[in-house]
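Reading through the structure tokens given below for one structure.
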Amino acid sequence: MPGWYPDPAGTANRFRYWDGRAWSHDTTGNPADPPPGGSLPAPGSGPSPRRRRLGPVIVAIVAVLVLTLTGV
């Protein structure tokens with residue numbers, strides 16, 4: 001789970017950010033600080049991989065329908 005955790009290097013009163021895959025180089029003394037690097041999207045936010053693949057397919061289907069109806 002992404003968040004600030006006690007520094008695994010053992011530095012007293014320091015917290016290091018875990019992004020869900022790896023430790024960042026950033027540390028803080030306040031675990032309530034926002035994630036490093038500005039505002040990051042919440043995990044799981046944004047379109048799913050399946051939804052991203054469907055977008056171009058839907059556009060192609062609509063284009064074919066418009067061209068077909070225009071030809072008729």
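This chain uses plain numbering: 1 for the first residue, then up along the sequence. Heavy-atom basis, side chains included; hydrogens, waters and symmetry copies ignored.
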Member of L67, I61, T68 meeting the side-chain contact (heavy atoms from CB on, under 4.5 Å) criterion with V64: T68

Hey, what do you get for OG1 (T28) to CG (D33), rounding to the nearest 0.5 Å? 3.5 Å

Taking every heavy atom of R16 against every heavy atom of D7, the minimum-distance pair comes out as NE-OD1, 2.9 Å

Looking just at side-chain N and O atoms, do R14 and T27 make a donor-acceptor pair shorter than 3.5 Å? yes

Which pair of non-hydrogen atoms, one from D26 and one from P36, has the smallest distance, and what is that distance? OD2-CB, 3.1 Å

Counting heavy atoms not belonging to N30, are there more than 12 under 6.0 Å from its CG? yes

Shortest non-hydrogen contact from G29 to F15? O-CE1, 3.9 Å

Y17 ring center within less than 6.0 Å of W4 ring center: yes

